[in-house]
Number of protein chains: 4
Amino acid sequence: MPKEAAAPGPPSAGRARNPHTHQAILDATVALLAEIGYQELSIERVASRAGVGKATIYRWWNSKSALVIEAMAHGMPLAEVPRTGDPRTDLRATIEAALHTLTDTPAGATLPALAADIPRDPATAERIRQFLRPRRDAAREVLHHAAAVGAVPADVDIEAIIDLCVGAIFYRKLVRGVEVDAVMVEQLVSLVLDGQLPRNE
Amino acid sequence: MPKEAAAPGPPSAGRARNPHTHQAILDATVALLAEIGYQELSIERVASRAGVGKATIYRWWNSKSALVIEAMAHGMPLAEVPRTGDPRTDLRATIEAALHTLTDTPAGATLPALAADIPRDPATAERIRQFLRPRRDAAREVLHHAAAVGAVPADVDIEAIIDLCVGAIFYRKLVRGVEVDAVMVEQLVSLVLDGQLPRNE
Amino acid sequence: MPKEAAAPGPPSAGRARNPHTHQAILDATVALLAEIGYQELSIERVASRAGVGKATIYRWWNSKSALVIEAMAHGMPLAEVPRTGDPRTDLRATIEAALHTLTDTPAGATLPALAADIPRDPATAERIRQFLRPRRDAAREVLHHAAAVGAVPADVDIEAIIDLCVGAIFYRKLVRGVEVDAVMVEQLVSLVLDGQLPRNE
Amino acid sequence: MPKEAAAPGPPSAGRARNPHTHQAILDATVALLAEIGYQELSIERVASRAGVGKATIYRWWNSKSALVIEAMAHGMPLAEVPRTGDPRTDLRATIEAALHTLTDTPAGATLPALAADIPRDPATAERIRQFLRPRRDAAREVLHHAAAVGAVPADVDIEAIIDLCVGAIFYRKLVRGVEVDAVMVEQLVSLVLDGQLPRNE
DNA sequence: GGTTAAGCGAGACGGTACGTCCGGTCTTATT
DNA sequence: AATAAGACCGGACGTACCGTCTCGCTTAACC
């Protein structure tokens with residue numbers, strides 16, 4: 001997101017922003033993220049790949065993390081999760097989608113690095129939430145429906161449930177570096193819908 | 001941990017490693033971690049702070065993350081969690097200790113950055129687990145005891161429980177940048193001991 | 001001097017050049033020259049100081065040196081040298097005026113930088129001469145009068161005399177960085193009027 | 001000249017300076033000076049041409065002018081002026097050598113730019129004098145000999161004579177951009193040896 | 001107890017990237 | 001049509017670190 005989104009404030013003079021340039025930068029960022037990862041991605045490389053001056057990037061984004069998050073938010077498609085209406089099926093699909101995003105897309109590998117930037121730039125937290133928002137919205141709807149049909153208690157804390165499920169996957173896979181398998185997905189589904197603590201098989 | 005702990009290679013002649021130097025490096029790393037954080041910490045600064053040549057650091061650790069994890073493992077005390085024998089009390093204390101570590105110590109701010117290094121150097125995952133191990137051991141014991149006294153089912157998947165609890169806190173605080181309060185701790189205790197999903201107050 | 005002083009091109013329609021703008025640019029240039037010197041002066045700063053677009057400057061001057069020379073020519077007053085009719089007095093005053101210009105005004109500090117631009121843009125040489133012309137005219141008149149009254153030989157090469165005197169001062173002060181004092185002025189006066197080579201005191 | 005020539009003070013530790021690197025930088029500087037001139041020469045280009053890191057250049061020279069002057073001092077040969085013992089012949093040859101240096105070598109085109117740096121870095125003046133010193137020494141000797149044999153007055157101010165001759169050429173050619181021909185050389189010789197002011201032909 | 005190889009500090013080195021400034025050019029809206 | 005504002009590409013700035021490489025000194029471990 002640019003330093004100032006589309007503030008209609010003062011009509012301002014000057015040349016208008018070139019939208020092609022803007023898009024080229026985001027595209028180059030997404031491409032490099034997939035190719036070389038967040039750590040190796042440098043503003044210099046993005047500029048060169050996008051055929052753009054470095055200053056143009058710094059004009060609109062004040063840090064690598066800001067650029068990357070906007071690129072991810074605009075350039076990484078939401079997993080299309082079919083909604084059946086069955087709480088169990090839908091919840092399982094939602095968790096699997098989260099697992100997929102964290103495990104199989106550049107976003108997964110990138111999120112810890114972005115999170116690491118929060119202490120240095122608190123605005124990063126808001127940007128991360130902005131990226132997560134649409135994914136989280138989908139999960140919230142599924143749980144909301146589950147509560148509506150009585151599959152979970154009506155006063156369940158949906159935000160906490162989401163943090164539990166995503167957090168467990170995130171932590172196991174991205175922090176501890178342990179593979180997350182279908183068993184864990186099933187454990188999470190059972191936990192939410194059956195109040196069943198994870199058991200050993 | 002040095003590249004080769006006690007390599008029995010050709011002990012022919014030569015000189016042994018200087019333990020003072022080794023310790024000075026770890027101390028400087030811990031100090032800098034607390035002062036300026038992981039991102040700003042550079043090998044060069046550690047060397048200068050420790051009064052040591054850069055090459056000496058590279059001789060024993062092959063990356064910043066390796067050095068930092070060893071420094072954290074040796075230089076950051078384990079929270080002393082008193083054990084009462086009461087599952088609820090002990091579990092709450094354990095979760096609070098985890099929360100404290102993630103929230104109030106340099107380790108919390110550092111973990112995401114270390115995790116971000118995993119894709120580049122898979123050995124990092126093992127090192128992170130090594131740092132987490134003693135903390136995790138404590139939690140495992142508490143849950144083991146809870147299972148023994150019937151406070152949780154006997155066949156509960158202790159590893160999954162730990163990932164759930166720590167993951168939820170980690171994710172909410174360190175990834176989403178949202179404060180974690182006592183309510184969440186209570187929710188986690190209830191979840192584990194009562195099979196009670198988090199509810200809104 | 002504008003690229004086309006009075007371009008008689010297609011005066012058809014359109015709008016005339018704004019003389020206020022023109023003067024504001026020259027004023028800003030003179031001010032910045034005095035404040036920060038030629039090297040630090042940038043078109044960007046001049047534009048900003050003058051409240052003018054960069055393109056407006058580039059439209060009328062094609063280089064920093066062209067702008068600065070015109071600004072100096074129009075914005076730096078000629079030293080008022082009183083003419084007594086006495087060759088020695090007038091010559092001394094003329095040399096002192098040159099010394100003053102080279103030593104105590106921004107022009108002195110700027111001339112070497114402008115000269116340095118000659119190899120890149122030969123037009124610079126003509127512009128420099130244009131700035132020097134009125135100063136040189138004054139000196140020429142003094143020497144002309146001296147020749148007329150027989151204080152110097154009638155066929156003396158006035159241009160060479162001027163280059164000798166100004167060159168010696170310029171070279172000693174601005175190239176070698178050595179202070180030029182009253183002794184040197186006297187040496188030059190004696191050289192021209194008495195044919196007396198410089199002596200040690 | 002490096003920031004600290006060869007100060008034998010503290011024997012200092014650390015790796016010794018690599019003389020090949022040092023020479024490669026000076027060589028690249030001289031080559032670029034001849035090819036593209038002082039203004040277009042950038043530290044970046046020198047580094048790349050010499051196959052050297054930029055920081056290595058900055059370690060030993062703190063500015064472009066410092067580097068260029070040392071390169072010129074070490075990389076540009078002194079004109080070999082044969083000494084006959086005849087004051088007129090030798091003086092003429094000396095002046096012609098100076099004319100040659102200022103007119104036909106990169107040094108000439110470079111000197112005004114270096115001089116322009118003096119106000120920003122006074123140390124530049126000393127560096128320029130260092131470059132001029134051997135050339136000036138040669139001239140001084142010639143004039144010294146002329147004084148010894150009575151071709152010029154015994155108490156002549158040799159430094160002033162040199163500034164007069166070199167200054168006149170420098171100023172006419174490099175500042176005013178006017179060609180300097182053999183006539184001027186002859187005028188200078190006559191001035192010094194005959195006390196003859198320049199005359200029109 | 002003398003020899004010797006490794007440990008070590010210091011720091012030079014080739015690189016890469018940083019974040020900034022400016023040069024020139026071009027576009028937009030205003031006057 | 002000339003302008004103020006300012007976006008844009010490109011190039012260079014001077015700095016910080018990276019990880020590697022000498023240097024010359026010190027010191028433990030072996031003969």
Side-chain angles (χ1 to χ4, degrees), chain A residues 10-22 40-45 47-48 50-60 62-64, chain B residues 10-22 40-48 50-60 62-64, chain C residues 10-18 20-22 40-45 47-48 50-60 62-64, chain D residues 10-22 40-45 47-48 50-60 62-64:
Chain A
S12 82
R15 180 177 177 176
R17 178 177 187 173
N18 182 341
H20 295 327
T21 292
H22 188 216
E40 308 299 333
L41 180 147
S42 68
I43 299 287
E44 203 130 327
R45 281 222 235 196
S48 139
V52 143
K54 265 198 296 181
T56 301
I57 299 182
Y58 283 109
R59 199 184 336 264
W60 300 107
N62 53 29
S63 69
K64 182 165 116 171
Chain B
S12 56
R15 180 180 166 184
R17 172 180 190 172
N18 182 343
H20 295 325
T21 293
H22 189 219
E40 308 301 332
L41 180 148
S42 68
I43 299 289
E44 205 132 308
R45 282 218 235 200
V46 173
S48 142
V52 144
K54 273 201 292 179
T56 302
I57 298 181
Y58 283 110
R59 196 177 346 256
W60 301 106
N62 54 28
S63 69
K64 179 165 119 172
Chain C
S12 59
R15 179 177 166 187
R17 171 180 190 173
N18 181 343
H20 295 327
T21 293
H22 189 219
E40 307 302 330
L41 180 148
S42 68
I43 298 289
E44 205 134 302
R45 280 218 238 202
S48 142
V52 142
K54 272 201 290 180
T56 303
I57 298 181
Y58 281 111
R59 201 186 331 270
W60 300 107
N62 55 27
S63 69
K64 180 164 117 172
Chain D
S12 81
R15 180 177 178 177
R17 178 176 188 174
N18 182 342
H20 296 326
T21 292
H22 188 216
E40 308 300 332
L41 179 148
S42 68
I43 299 287
E44 203 130 328
R45 280 221 236 197
S48 137
V52 143
K54 265 199 295 180
T56 300
I57 299 182
Y58 283 109
R59 196 178 347 257
W60 300 107
N62 53 29
S63 68
K64 182 165 116 170

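The figures here come from the full heavy-atom set of this structure, side chains too, leaving out hydrogens, waters and symmetry mates. In the text below, chain A, chain B and the rest are named by the order of the sequence lines, each starting its count at 1.
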Pairwise distance CH2(B/Trp60) to NE2(B/His22) - rounded to 0.5 angstrom
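The distance works out to 8.0 Å.
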Please name all residues satisfying side chain to side chain donor-acceptor pair (under 3.5 Å) with C/Ser63, sequence neighbours left out, ordered by chain then number.
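Only C/Ser65 meet the side chain to side chain donor-acceptor pair (under 3.5 Å) criterion with C/Ser63.
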Applying side chain to side chain donor-acceptor pair (under 3.5 Å), name anything that partners C/Thr21, two or more places apart in sequence or on another chain.
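C/Thr21: side chain to side chain donor-acceptor pair (under 3.5 Å) contacts with C/Asn18.
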Is any side-chain N or O of [X] closer than 4.0 Å to OP1 or OP2 of [N]?
X: B/Ser42; N: F/dA16; value: no
X: B/Thr56; N: E/dG9; value: yes
X: B/Trp60; N: E/dA6; value: no

Residues in side chain to side chain contact (heavy atoms under 4.5 Å, CB included) with A/Ala50, at least two apart?
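Residues passing side chain to side chain contact (heavy atoms under 4.5 Å, CB included) with A/Ala50: A/Ala24, A/Ile25, A/Ala28, A/Val52.
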All side chain to side chain contact (heavy atoms under 4.5 Å, CB included) counterparts of C/Arg45, not counting sequence neighbours:
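Applying side chain to side chain contact (heavy atoms under 4.5 Å, CB included) to C/Arg45 gives C/Leu32, C/Ile36, C/Glu40, C/Ser42.
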What integer distance in Å separates [X]:[atom1] from [N]:[atom2]?
X: A/His22; N: F/dC8; atom1: NE2; atom2: P; answer: 9 Å
X: B/His20; N: F/dT27; atom1: NE2; atom2: P; answer: 12 Å
X: A/Arg59; N: E/dC21; atom1: CZ; atom2: C1'; answer: 12 Å
X: A/Glu44; N: E/dG15; atom1: CD; atom2: P; answer: 16 Å
X: B/Arg17; N: F/dA29; atom1: CZ; atom2: C1'; answer: 18 Å
X: D/Tyr58; N: F/dC17; atom1: OH; atom2: P; answer: 18 Å
X: B/Leu41; N: F/dC18; atom1: CG; atom2: P; answer: 9 Å
X: B/Ile43; N: E/dG11; atom1: CD1; atom2: C1'; answer: 16 Å

Whether the side chain of D/Lys54 and the base of E/dG15 hold a donor-acceptor pair under 3.5 Å is what I'd like checked.
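It does not, because no donor-acceptor pair links the side chain of D/Lys54 to the base of E/dG15 below 3.5 Å.
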Report the residue (B/Arg45 or A/Ala55) whose heavy-atom-nearest nucleotide on DNA chain F is the more 5′ of the two.
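Closer to the 5' end of DNA chain F: A/Ala55.
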First of A/Asn18 and D/Arg15 reached from the 5' end of DNA chain F, by closest nucleotide:
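On the 5' side of the pair lies A/Asn18.
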Which is more 5' along DNA chain E, the nucleotide nearest D/Val52 or the one nearest B/Thr21? Just name the residue.
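Upstream on the strand: B/Thr21.
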Tell me which of B/Gly53 and D/Ala50 sits closer to the 5' end of DNA chain E, going by the nucleotide each one is nearest to.
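So the residue in question is B/Gly53.
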Closest approach of C/Ala47 and C/Gly53, non-hydrogen atoms and distance?
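Taking every non-hydrogen atom into account, CB-C, 4.2 Å.
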Specify the angle, to 10°, made by the local axes at the two ends of the helix from E/dG1-F/dC31 to E/dT31-F/dA1 when five pairs are taken at each end.
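Taking the rotation axis at each end, their angle is 10°.
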Set of salt bridge (Lys or Arg N to Asp or Glu O under 4.0 Å) partners for D/Lys64, sequence neighbours left out:
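If we apply the salt bridge (Lys or Arg N to Asp or Glu O under 4.0 Å) test to D/Lys64, skipping adjacent residues, there are no hits.
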